[in-house]
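The model shown is predicted, which means the values in this text are computed figures rather than measured ones. Along the sequence shown, residues carry numbers from 1.
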Amino acid sequence: MAPIPGSGLAKGLAVTLRTMTKKPVTDQYPDTQPALPPRTRGVIGLFEENCTVCMLCARECPDWCIYIDSHKETIPATTPGGRERSRNVLDRFAIDFSLCMYCGICIEVCPFDALFWSPEFEYAETDIRDLTHERDKLREWMWTVPAPPALDPGAEEPKELAAARKTAEKLAAAQAAETVPPPAGTEPHADEQARAAESPARPAGESQQQTDRPRQEGGE
């Protein structure tokens with residue numbers, strides 16, 4: 001049976017009419033921002049204070065897009081007779097996002113939690129050289145890293161938090177004890193203070209018996 005002339009056009013118009021009555025499902029980016037999960041792999045942020053320049057992230061990166069430079073500093077001994085120590089100081093930490101394939105290996109292998117995922121993805125550049133983010137730029141991405149999920153209310157307190165809390169409580173108690181004035185009636189009487197000032201000072205480490213014995217022998 002031969003097709004009716006214009007049937008294809010009628011079917012196409014019918015589809016168009018049905019679609020016009022439905023709500024659109026396409027987000028018109030950039031007017032409408034996408035609702036991304038909080039752990040989206042957008043860009044990598046650097047928490048510089050935790051970095052110990054162990055070079056694990058740079059060695060494990062399959063694209064070799066992490067560049068780290070450092071130097072050693074000597075820390076003087078804190079106690080007499082102690083030995084000097086040396087530590088690595090970070091000079092440069094850069095990630096070339098034109099080479100990065102967002103595998104997340106560098107974040108997983110970091111033993112000190114210095115690298116984090118940020119859901120931010122709007123950092124396109126007109127020059128490919130600007131896609132190499134230095135440590136200052138990587139530090140700015142840290143402010144966009146979402147907070148970790150809350151712990152289970154029935155879970156035990158982490159050992160690190162418990163130790164820090166106990167230390168803070170001890171320090172607060174010691175400071176409070178220093179600032180509290182002595183109770184009333186505990187101060188020595190004025191006559192006792194005067195007698196103590198007139199009596200000669202006894203050498204340190206000398207007992208009462210040792211100081212009184214020559215006086216008794218001389219009296220005898």
Side-chain angles (χ1 to χ4, degrees), residues 1-70 90-158 161:
M1 181 177 179
I4 302 174
S7 61
L9 179 60
K11 290 181 180 178
L13 291 175
V15 173
T16 303
L17 292 174
R18 287 197 304 267
T19 306
M20 290 177 60
T21 59
K22 294 181 180 179
K23 185 179 179 180
V25 295
T26 303
D27 293 333
Q28 300 299 325
Y29 177 83
D31 298 332
T32 303
Q33 293 291 329
L36 299 175
R39 293 300 171 186
T40 300
R41 296 186 178 188
V43 71
I44 298 174
L46 170 67
F47 191 57
E48 187 177 335
E49 286 76 5
N50 286 357
C51 181
T52 60
V53 201
C54 64
M55 305 293 290
L56 277 178
C57 55
R59 288 198 297 263
E60 296 296 332
C61 178
D63 293 332
W64 291 88
C65 64
I66 300 178
Y67 312 106
I68 300 176
D69 294 331
S70 65
L90 184 66
D91 293 329
R92 185 195 181 199
F93 195 109
I95 299 179
D96 188 355
F97 286 103
S98 64
L99 299 176
C100 179
M101 65 179 185
Y102 303 92
C103 62
I105 293 178
C106 58
I107 298 177
E108 294 178 1
V109 300
C110 181
F112 299 104
D113 292 335
L115 297 174
F116 297 87
W117 278 119
S118 168
E120 296 293 329
F121 62 93
E122 296 179 319
Y123 52 93
E125 301 289 348
T126 56
D127 191 345
I128 193 173
R129 291 172 294 183
D130 294 334
L131 285 175
T132 300
H133 294 186
E134 299 293 336
R135 65 177 185 176
D136 295 337
K137 184 66 175 179
L138 296 175
R139 179 58 180 266
E140 293 179 3
W141 291 123
M142 276 301 302
W143 306 116
T144 63
V145 175
L151 298 176
D152 186 356
E156 296 181 359
E157 185 180 19
L161 293 180

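- Heavy-atom contacts from other residues, nucleotides or ligands closer than 6.0 Å to CD1 of Ile128 number 12 or fewer.
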Dump the intermediate steps for side-chain contact (heavy atoms from CB on, under 4.5 Å) on Thr40 and Phe121, then the final yes or no. CA-CA 9 Å; Thr40 300; Phe121 62 93; over 6 Å; no
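- Looking at Cys61 and Met101, their side chains never come closer than 4.5 Å, going by heavy atoms from C-beta outward.
- Atom CH2 of Trp141 is separated from atom CG of Leu46 by 13.5 Å, given to the nearest 0.5 angstrom.
- Of the inter-residue distances, the one linking Leu90 atom CG with Glu49 atom CD reads 10.5 Å to the nearest 0.5 angstrom.
- The number of heavy-atom neighbours closer than 6.0 Å to CD of Glu156, taken from other residues, nucleotides and ligands shown, is 12 or below.
- Between Arg39 and Pro148, the shortest heavy-atom distance links the atoms NH2-CA, 3.2 Å.
- In this structure, Tyr123 and His133 have perpendicular ring planes: the angle between them is above 60°, well past the 30° mark.
- Of the inter-residue distances, the one linking Met55 atom CE with Ile66 atom CD1 reads 9.5 Å to the nearest 0.5 angstrom.
- Using a 4.5 Å cut-off on side-chain heavy atoms (C-beta onward), Cys106 and Ile95 make no contact.
- Tested against Phe93, the residues Ile68, Val53, Asp136, Asp69 include a single side chain to side chain contact (heavy atoms under 4.5 Å, CB included) partner, Ile68.
- Looking at every heavy atom in both residues, Glu122 comes nearest to Tyr29 through OE2-OH, 2.6 Å.
- Leu36 and Pro119 get closest at one heavy-atom pair: CD1-O, 3.9 Å.
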Can you list the steps and then say if Tyr67 with Arg92 is a side-chain contact (heavy atoms from CB on, under 4.5 Å)? CA-CA 7 Å; Tyr67 312 106; Arg92 185 195 181 199; 3.9 Å; yes
Show the numbers, then the answer: is there a side-chain contact (heavy atoms from CB on, under 4.5 Å) between Phe47 and Val145? CA-CA 11 Å; Phe47 191 57; Val145 175; over 6 Å; no
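- Here CZ of Phe97 is found 7.5 Å from SG of Cys65. Values are rounded to the nearest 0.5 Å.
- In terms of modelled atom types and a separation under 3.5 Å, the side chain of Asn50 and the main chain of Asp113 share a donor-acceptor contact.
- Going from atom CE of Met142 over to atom CG of Leu115 covers 9.0 Å, rounded to the nearest 0.5 Å.
- Expressed to the nearest 0.5 Å, how far CD1 of Ile44 lies from CH2 of Trp117 amounts to 4.5 Å.
- Side-chain atoms of Asp127 come within 3.5 Å of backbone atoms of Arg129 as a donor-acceptor pair (strictly under, hydrogens ignored).
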